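Below you'll find the structure, written out as structure tokens, and then a few comments.
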Amino acid sequence: MAIKPNRLEGYELLHKGALAFAKAEAQGMRIDSEYCERKKKHLTRKIERLEKKLKETKFYRHWQHVMKNPNIYSNWQLARFLYEVKKIKPVKLTPSGKGATDEEALSQIDIPEVKIILKLRKLKKLRDTYLDAFAREQVDGKIHPFFNLHTVRTYRSSSDRPNFQNIPKRDEEAMRICRGSILPRKGFQLLEVDYSGIEVRIGECYHKDPVMKRYIENPESDMHGDMAKQIFKIENFDKSIPEHKYLRNAAKNSFVFPQFYGDYYVNCAEGLACKWGHLPKSKWKKGQGVPMPEGFLSDHLIKVGIKSYSEFEEHIKEVEYDFWYRRFKVYQKWKDKLWKEYQRKGYIDTLTGFRIGGLMRKNEVINSPIQGSAFHCLLWSFIQLDEISEKEGWNTKLIGQIHDSILFDADPKELNYVVPIIERVMTEDIRKAWDWIIVSLEVEMDICEPDRPWSEKKEFLWK
DNA sequence: GGAACTCGCCAC
DNA sequence: AAACGTGGCGAGTTCC
């Protein structure tokens with residue numbers, strides 16, 4: 001049967017969504033203002049110490065000598081100084097063709113002062129982008145981040161003033177500093193509920209690839225493990241071995257996800273070998289790269305017949321071909337079909353009732369419906385839970401959302417009651433409302449102790 | 001003196 | 001043939 005999205009439904013989803021988000025915005029989230037100020041002062045002291053240290057160096061005196069208004073935070077000056085004055089060869093260029101000064105480029109320059117600049121950037125980012133914004137935006141000890149539904153081409157959401165959707169998480173130190181300032185109401189606790197792998201699952205509703213369906217539904221299967229096995233040619237792959245687990249992560253982050261976003265083997269090979277494998281872009285010698293259960297990555301790859309970077313890149317080219325034309329060939333056919341359809345009609349329709357038009361590249365065409373509809377699952381659940389909480393008079397409130405997760409300011413006394421409802425709405429009710437969802441849905445929960453900040457969230461095993 | 005731009009970097 | 005999707009925001013620079 002042909003897909004017949006109901007665009008009135010899409011229209012209503014945004015209307016109801018805007019109202020539910022407005023209520024969360026009004027509710028707001030508590031900020032530990034004293035903590036913010038303390039951390040800001042602490043960061044400022046650290047920044048001043050490092051600036052002083054930098055300014056006492058020969059490196060800086062040279063910089064001062066050649067620049068009119070020397071400013072260590074000017075990337076324009078930094079690029080001129082490193083790449084023109086000191087004649088260092090830039091390892092990478094910006095989109096406009098100038099020598100890049102991002103972390104990846106600078107970390108390859110072996111000058112201690114450059115390391116100080118990188119450290120300073122990180123500290124300033126935390127202070128000026130996050131803590132300052134929280135302090136600036138807070139009203140009576142609460143911030144009220146906005147959640148927008150009208151700004152994103154794919155009909156996802158965005159957030160601003162302050163942006164609640166990009167608060168540090170992966171860097172442990174940055175996470176603790178920034179998320180440490182976000183609190184529940186007094187006596188309450190923060191509860192975060194995430195859809196697991198929602199984009200992959202909603203992707204399945206579009207392309208209906210049977211191999212992908214098995215990966216989604218069979219808990220024994222492991223796509224990232226299978227790809228690690230193939231990419232690094234590991235016969236007896238076992239993700240309980242730490243070195244194998246590391247390479248599985250490499251496969252996931254430098255091959256599988258980028259491939260789904262439309263990247264290609266040249267970039268993937270570089271990420272896998274250099275960034276994750278710590279191998280050089282040349283012929284490999286014994287004892288190079290990250291450790292393996294026996295020896296090092298280069299030892300292993302040489303043994304299985306990949307003796308240099310160029311041979312590895314060629315291998316990844318074959319893995320990519322296999323990935324799309326054998327493993328996920330139905331997915332590949334869908335991509336081609338959608339691209340042709342867009343070229344013919346000038347727009348695409350999504351399963352949640354939206355028409356996306358305008359000039360798009362192939363990767364945008366393929367990503368838009370999946371990204372948008374995956375978010376709409378979250379939006380639908382957000383609306384339902386807001387309605388139920390209102391009708392039943394919950395003290396537990398919805399206070400924010402990050403594309404595939406909802407943040408609750410939860411009443412400890414209500415947890416036993418609301419948690420099963422949250423799970424039911426997000427995984428069962430939604431499938432009754434939208435029968436085009438042909439895969440199972442799952443949620444994961446994290447929770448903080450009462451009165452504890454967001455930085456302390458722990459896995460919540462409620463069942 | 002503000003708008004618009006580039007660059008870098010945080011999230012999903 | 002070409003080659004990573006979606007945002008917000010701060011700082012510096014350039015344009016008008």
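Computed from a predicted structure; not experimentally measured. First the proteins, then the strands, lettered A, B, ... as listed; each starts at 1.
- When each of N367(A) and N75(A) is assigned the nucleotide of DNA chain C with its nearest heavy atom, N367(A) is the one assigned upstream, toward the 5' end.
- When the nucleotides dA3(C), dA11(C), dA11(B) are ranked by their closest atom to the side chain of K169(A), dA11(B) comes out on top.
- You'll find that the side chain of T151(A) is closest to dG7(C), out of dC9(C), dC7(B), dG7(C).
- Remark: R161(A) qualifies as a cation-pi partner of F146(A) under the 6.0 Å distance and 45° angle criteria applied to the six-membered ring.
- Distance, W339(A) CH2 to dA3(C) C1': 13 Å, rounded to whole Å.
- Remark: K233(A) does not engage E318(A) in a salt bridge, criterion side-chain N to carboxylate O under 4.0 Å.
- P258(A) comes within 4.0 angstrom of a base, heavy atoms only.
- In this structure, the side chain of E313(A) does not engage the main chain of A269(A) through any donor-acceptor pair within 3.5 Å.
- Here the side chain of Y261(A) is nearest to one of dG10(C), dC4(C), dT6(B), namely dC4(C).
- For dT6(C), neither phosphate oxygen OP1 nor OP2 lies less than 4.0 angstrom from any side-chain nitrogen or oxygen of T154(A).
- Set against dC10(B), dG5(C), dG8(B), the side chain of T101(A) has dG8(B) as its closest nucleotide.
- In this structure, R156(A) atom CZ and dG8(C) atom P are separated by 11 Å, rounded to whole Å.
- As judged by a 4.0 angstrom heavy-atom cut-off over every strand, K98(A) is placed among residues touching the sugar-phosphate backbone only.
- A cation-pi contact links R185(A) to F188(A), judged by a cut-off of 6.0 Å to the six-membered ring centre and 45° from its axis.
- Nucleic acid contact for S159(A): sugar-phosphate only, since backbone atoms but no base atoms lie under 4.0 Å from a heavy atom of the residue.
- Proximity note for R361(A) (side chain, C-beta onward) versus dG5(C), dC9(B), dC10(B): the nearest is dG5(C).
- Separating the CD atom of E444(A) from the P atom of dC12(B) is a distance of 13 Å, rounded to the nearest angstrom.
- Counting only heavy atoms from C-beta on, A100(A) has its side chain closest to dG8(B) among dT6(B), dT13(C), dG8(B).
- OP1 and OP2 of dC12(B) both lie 4.0 Å or more from every side-chain N or O belonging to N166(A).
- Distances from the side chain of R153(A) to the nucleotides dC9(B), dT6(B), dG7(C) place dG7(C) closest.
- Note on D132(A) versus K40(A): salt bridge recorded, some NZ/NE/NH1/NH2 to OD/OE distance being below 4.0 Å.
- Using a 4.0 Å cut-off between a side-chain N of Lys or Arg and a carboxylate O of Asp or Glu, K208(A) and E204(A) do not qualify as a salt bridge.
- Rounded to whole angstrom, the span from the CZ atom of F260(A) across to the C1' atom of dC4(C) amounts to 13 Å.
- Residue R136(A) has a polar side-chain atom (N or O) positioned under 4.0 Å from OP1 or OP2 of dG10(C).
- For R170(A), taking side-chain heavy atoms from C-beta onward, the closest of the listed nucleotides dT13(C), dC12(B), dT6(C) is dC12(B).
- As judged by a 4.0 angstrom heavy-atom cut-off over every strand, D132(A) is placed among residues making no nucleic acid contact.
- The distance between atom CG of D336(A) and atom C1' of dA1(C), rounded to the nearest whole Å, is 14 Å.
- Between the NZ atom of K317(A) and the C1' atom of dA3(C) there is a distance of 13 Å, rounded to whole Å.
- Listed nucleotides dG8(C), dC12(B), dC10(B) differ in distance to H403(A); the shortest reach to its side chain belongs to dC12(B).
- Applying the ring pair (Phe, Tyr, Trp, His ring centres under 6.0 Å) test between F382(A) and each of F375(A), F21(A), F408(A) identifies F21(A) as the sole match.
- The side chain of S157(A) places no N or O atom within less than 4.0 Å of a non-bridging phosphate oxygen (OP1 or OP2) of dG7(C).
- Put simply, CD on E192(A) is 13 Å from P on dA11(B), counting in whole angstrom units.
- Among the protein residues, E364(A) comes within range of the sugar-phosphate backbone only, with heavy atoms under 4.0 Å from sugar or phosphate atoms but none that close to a base.
- Nucleic acid contact for E199(A): none, since no nucleic acid atom lies under 4.0 Å from a heavy atom of the residue.
- The shortest distance between the side-chain N/O atoms of T94(A) and the OP1/OP2 oxygens of dT6(B) is not below 4.0 Å.
- At a cut-off of 3.5 angstrom, the base of dC10(B) holds no donor-acceptor pair with the side chain of K125(A).
- To the nearest angstrom, P of dT6(C) lies 12 Å from CD1 of I366(A).
- Nearest to the side-chain atoms of S158(A) among the listed nucleotides dA11(B), dG10(C), dG7(C) stands dG7(C).
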